[in-house]
Novice: 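Quick one: structure below, then a few questions.
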Amino acid sequence: MSNTTPAKRGAVALAFALAAPSGLAAAQSPGVQEPRAMTTTQPASDTLSARQQAIPLIASFMAASDMPRLNTALNQGLDAGLTISEAKEILVQLYAYAGFPKSLNALGELLTVLDARRQRGLQDAPGREPSRPVPTGDALLAAGTANQTKISGAPVRNAVTDFAPVINQYLQAHLFGDIFERDNLDWQSRELATVGALAAMPGVEPQLRSHMAASMRVGLTAAQLRQLTQVLAERGDAQAAKRASEALTQALAAAPRHPSHLQGTLP
């Protein structure tokens, strides 16, 4: 249960059109609470599993409104072990990046996919719902701020959030609170989805670069992210792959020794 209103939720999408000002690091500030235990992540690896490879493809085709290829990617993801709950959660989360209409259309396509699979006798694993209630009120804001800080590498403050503080409140309370507190999808999977969606959308390169760095903070390796760009190039869209590859190169150049050295604004 969230304490944010529909109007506030709709405003979250505005944040993703804001280019992160270059050279502005996340400012340190006291009093940020530690986040609750991060949702389960995969062990460090140099390769993405088949399940993980499907996630950025699903996200990219959803953001591009490419329903035929989204249908294929959803089938491949379910075949690779993605649960129904995880597939739904990916498409719900991405409304914040691509907008409600695309999210709703993609969820409708998932329904079509699941119905067709049932008719073929396929029984997909339902997965699980979140294991804990999402906090409300001040506790929600505190949890979201802690999640944002962990994923960003430091508390987020820059010229944009100083100019429009409410946008960061929406991000903290809703995206990093209401959504990221739901533990039925691990943070690595959430970042794979975010990177895939942002790569499909021209004009959000600063956010894509920040989320490449965030992906490494939640445990994905540079080798896995390079594989993500290859997956997009081979099975997705060439321009999306190019944007993802350039963003990864820039993120790695800014953090030559350890990804936590790159502190930027999210989303």
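We count residues from 1, following the sequence as given.
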Novice: Shared ILVMFWY cluster between L107 and F100, side chains joined below 4.5 angstrom?
Specialist: yes
Novice: Check the pair V156, L171 against side-chain contact (heavy atoms from CB on, under 4.5 Å), reporting the backbone distance first and the verdict last.
Specialist: CA-CA 11 Å; V156 170; L171 292 171; over 6 Å; no
Novice: Run the side-chain contact (heavy atoms from CB on, under 4.5 Å) check on R190 and I179 step by step: do they pass?
Specialist: CA-CA 10 Å; R190 290 189 184 279; I179 295 178; 3.5 Å; yes
Novice: Is the side chain of N147 donor-acceptor paired with the backbone N or O of F176 at a distance under 3.5 Å, no angle test?
Specialist: yes
Novice: Say you draw a straight line from OG1 of T229 to CD of Q227; how long is it, rounded to the nearest 0.5 Å?
Specialist: 9.0 Å
Novice: Using the side-chain contact (heavy atoms from CB on, under 4.5 Å) rule, take L175 and Y97 through it: C-alpha gap first, then chi angles, then the decisive distance, then the call.
Specialist: CA-CA 10 Å; L175 178 62; Y97 297 88; 3.6 Å; yes
Novice: Is the side chain of S85 donor-acceptor paired with the backbone N or O of R128 at a distance under 3.5 Å, no angle test?
Specialist: yes
Novice: Distance from L74 atom CG to M62 atom CE, nearest 0.5 Å?
Specialist: 10.5 Å
Novice: Got a donor-acceptor contact below 3.5 angstrom from the S152 side chain to the Q148 backbone?
Specialist: yes
Novice: Atom CD of Q188 and atom OG1 of T221: how far apart are they, to the nearest 0.5 Å?
Specialist: 9.0 Å
Novice: Below 4.0 angstrom, N of the basic side chain to O of the carboxylate: do R120 and D79 qualify?
Specialist: no
Novice: Look only at the side chain of S103 and the backbone of L91, and say whether a donor-acceptor pair between them is shorter than 3.5 Å.
Specialist: yes
Novice: If only atom types and distance count, is the side chain of Q224 paired as donor or acceptor with the main-chain N or O of T47 below 3.5 Å?
Specialist: yes
Novice: Keeping D46 on the side-chain end and A223 on the backbone end, is there a donor-acceptor pair under 3.5 Å?
Specialist: no
Novice: Looking at E205 and R243, would you say the former's side chain and the latter's main chain have a donor-acceptor pair under 3.5 Å?
Specialist: no
Novice: Do you know which two heavy atoms are closest between G236 and R69, and how far apart they sit?
Specialist: O-NH2, 2.8 Å
Novice: Quick one: does Q172's side chain have a donor or acceptor within less than 3.5 Å of a partner on L141's backbone?
Specialist: no
Novice: Evaluate the criterion side chain to side chain donor-acceptor pair (under 3.5 Å) for residue pair N105 and E109; output intermediate values, then yes/no.
Specialist: CA-CA 6 Å; N105 291 342; E109 191 65 29; over 6 Å; no
Novice: So, S245 side chain and A241 main chain: donor-acceptor pair closer than 3.5 Å or not?
Specialist: no
Novice: Which pair of non-hydrogen atoms, one from A193 and one from L94, has the smallest distance, and what is that distance?
Specialist: O-CD2, 3.8 Å
Novice: Could you tell me which non-hydrogen atom of A244 sits nearest to which non-hydrogen atom of M212, and how far apart they are?
Specialist: O-CE, 3.2 Å
Novice: So that I can tick it off, tell me whether K242 and E246 are bridged by a salt bridge, with the cut-off set at under 4.0 angstrom between side-chain N and carboxylate O.
Specialist: yes
Novice: Minimum heavy-atom separation for E89 and L185, please, with both atom names.
Specialist: CG-CB, 3.8 Å
Novice: Can you name the closest pair of heavy atoms from A222 and L248 and give their distance?
Specialist: O-CD2, 4.2 Å
Novice: Could you check whether the rings of Y95 and H174 sit parallel, tilted or perpendicular, using 30° and 60° as the cut-offs?
Specialist: tilted
Novice: Determine whether L114 and L78 satisfy the following criterion, side-chain contact (heavy atoms from CB on, under 4.5 Å), listing intermediate values before the conclusion.
Specialist: CA-CA 9 Å; L114 293 172; L78 293 166; 3.8 Å; yes
Novice: Apply side-chain hydrogen bond (donor to acceptor under 3.5 Å, both in side chains) to R226 and list each qualifying residue two or more places apart in sequence or on a separate chain.
Specialist: none
Novice: At their closest point, which heavy atom of E129 faces which heavy atom of N184, and how far apart are they?
Specialist: C-CB, 4.0 Å
Novice: Which of these passes side chain to side chain contact (heavy atoms under 4.5 Å, CB included) with P68: D66, T72, N71?
Specialist: D66
Novice: Mind checking salt bridge (Lys or Arg N to Asp or Glu O under 4.0 Å) for D162 and listing every partner two or more places apart, or none if nothing turns up?
Specialist: R157
Novice: Between the side chain of K102 and the main-chain N/O of S65, is any donor-acceptor distance below 3.5 Å?
Specialist: no
